[in-house]
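All values reported here derive from a predicted model rather than from experimental measurement.
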2 protein chains.
Amino acid sequence: MHLIAYVNPCGHIFCRSIKNITLMALSHALLAALHSAPCSGYDLAKKFDGSVGFVWNATHQQIYRELTKLEEQSHVTAEVVQQDNRPDKKVYKVTPAGEDYLRVWIAKPIVMSGKKDDLLVKLFAGDLVEPSVILCELEHHRAQHQDLLDTCKSIEQHIFANVSPQDLQRRYRYLTVRQGVRIETEWLAWCDEAIAFVKQF
Amino acid sequence: MHLIAYVNPCGHIFCRSIKNITLMALSHALLAALHSAPCSGYDLAKKFDGSVGFVWNATHQQIYRELTKLEEQSHVTAEVVQQDNRPDKKVYKVTPAGEDYLRVWIAKPIVMSGKKDDLLVKLFAGDLVEPSVILCELEHHRAQHQDLLDTCKSIEQHIFANVSPQDLQRRYRYLTVRQGVRIETEWLAWCDEAIAFVKQF
DNA sequence: ATCATATATGCACTTAATTGCATACGTCAA
DNA sequence: TTGACGTATGCAATTAAGTGCATATATGAT
């Protein structure tokens, strides 16, 4: 098997095999979620309490398929857990090999994925329709961003109110919540600006 | 052919055929770009002057393939234009049918696509690696957001400095640039917050 | 001459994402 | 006892997206 070595801009050296590497991002998101708390596919699909669901969304079908793949690659192990009054569940946790796989991926610098935003594309051709149509869509989106912001703020206050400086994992996760709070706040502000703008027409 | 009627939250009625509809988002982005200015695939791939490239990114291969499809569906027409000192180019423009297709799509309320961010996933498992690795990645991203912000600000000043209130198309496009300015500014601020945070470790 | 760069377009192949279905156990209510 | 809902998992098929390669003309530099 061929190996290739990289040096990232900070001088960290890492390597990976050229073949049989899936760069599929969902696998990393699942491993990151399982790293912080072992759980079942169903749990992952529910995007529970401030977890990775907020930074990477996927359907349950994608998640189950990917978990099966990760198990085949020995990046996770599964344990069937019997429950009262509920179907059995398979609880997954990350293996040391899975952690290595994550470490390699984290150290590899990535180019920001380009923006892909339906709403902005709509605005681009907004003059084709009545302003009220655009206004409606803007208000629809505003409501969605408001919901997200409320959720992020709630997580910020309840989960990360009193985190000890030693709890590195939680402090890193806190940063992702902060991103949600900041960006959603700004999205809301932009929506308001855009709504006011369109109302002039 | 079956038809289905919708009423969006603002009371606008619209309909579309159930079959043979591609909801593929790239086609809408290309139509929106061509709507504001007919041009070639090459031009579209260059993401020129404040155009749709900033709100929807794609490779030239995707763009050429999609343009061919759009031509087959009669949503665009192509005209071969001979040039001096350069290969011929095919200039595409949107047909009335293409405009209708865009109008229907614009009027259809869309659910915000879920967030998918590699950097945040990395932070989620940040405790697996040395803080300097995360710091490096944060600074790398900060630079990318700074570039984008500079570009957006430049477009804001040069293209939209003196737009007449009557120029609806340009005023809508101005809103997309404003979104870029606002969100990238906030991304930068978050990067700074995160960098300061990680430097404590 | 040859090489790099810019313009201009496209096919073939592979991988990822989405959609539609299918299954099964349990609770609670009509 | 049927039907709706929540928990829990998954396959099959399709569609979209991404990667790698190929081609051609023209300019300017070495």
Measure from [atom1] on [X] to [atom2] on [N] and round the result to the nearest Å.
{"X": "E66(A)", "N": "dT9(D)", "atom1": "CD", "atom2": "P", "result": "16 Å"}
{"X": "L30(B)", "N": "dT9(C)", "atom1": "CG", "atom2": "P", "result": "13 Å"}
{"X": "E72(A)", "N": "dG10(D)", "atom1": "CD", "atom2": "C1'", "result": "13 Å"}
{"X": "Q82(A)", "N": "dA24(C)", "atom1": "CD", "atom2": "P", "result": "18 Å"}
{"X": "Y64(A)", "N": "dT7(D)", "atom1": "OH", "atom2": "P", "result": "11 Å"}
{"X": "D88(A)", "N": "dC25(C)", "atom1": "CG", "atom2": "C1'", "result": "9 Å"}
{"X": "L44(B)", "N": "dG10(C)", "atom1": "CG", "atom2": "C1'", "result": "15 Å"}
{"X": "L26(B)", "N": "dG18(D)", "atom1": "CG", "atom2": "C1'", "result": "12 Å"}

Can you see if the side chain of [X] gets near the phosphate of [N] - specifically, an N or O under 4.0 Å from OP1 or OP2?
{"X": "K90(A)", "N": "dG10(D)", "value": "yes"}
{"X": "Y42(A)", "N": "dT7(D)", "value": "yes"}
{"X": "K116(A)", "N": "dG18(D)", "value": "yes"}

Review point. What do you reckon, is NZ of K153(A) surrounded by more than 12 foreign heavy atoms closer than 6.0 Å?
Key: no
Study note, to complete from the structure: A correct 5'-to-3' footprint of nucleotides 19-30 of chain D, with B, S and - meaning base, sugar-phosphate only and no protein heavy atom under 4.0 Å, is BBB---BSS---
Point to revise | Test item: L70(A) and V94(A) side chains (from C-beta on) under 4.5 Å apart, heavy atoms | key: no
Point to revise | Minimum side-chain heavy-atom gap I195(A)-K199(A) below 4.5 Å | key: yes
Review point. Atom CG of L123(A) and atom CD of Q179(B): how far apart are they, to the nearest 0.5 Å?
Key: 9.0 Å
Point to revise | Ion pair check, R103(B) and E99(B), cut-off under 4.0 Å | key: yes
Check your understanding: Are H28(B) and D118(A) close enough, and set up right, to give a side chain to side chain donor-acceptor pair (under 3.5 Å), and what steps lead you there?
Key -> CA-CA 9 Å; H28(B) 303 125; D118(A) 287 307; 5.5 Å; no
Exercise for review: For the pair W190(A) and W187(A), name the ring-plane relationship: parallel under 30°, tilted 30 to 60°, perpendicular over 60°.
Suggested key: perpendicular
Point to revise | Sugar-phosphate only, base, or nothing, as touched by T68(B) at under 4.0 Å among non-hydrogen atoms | key: nothing
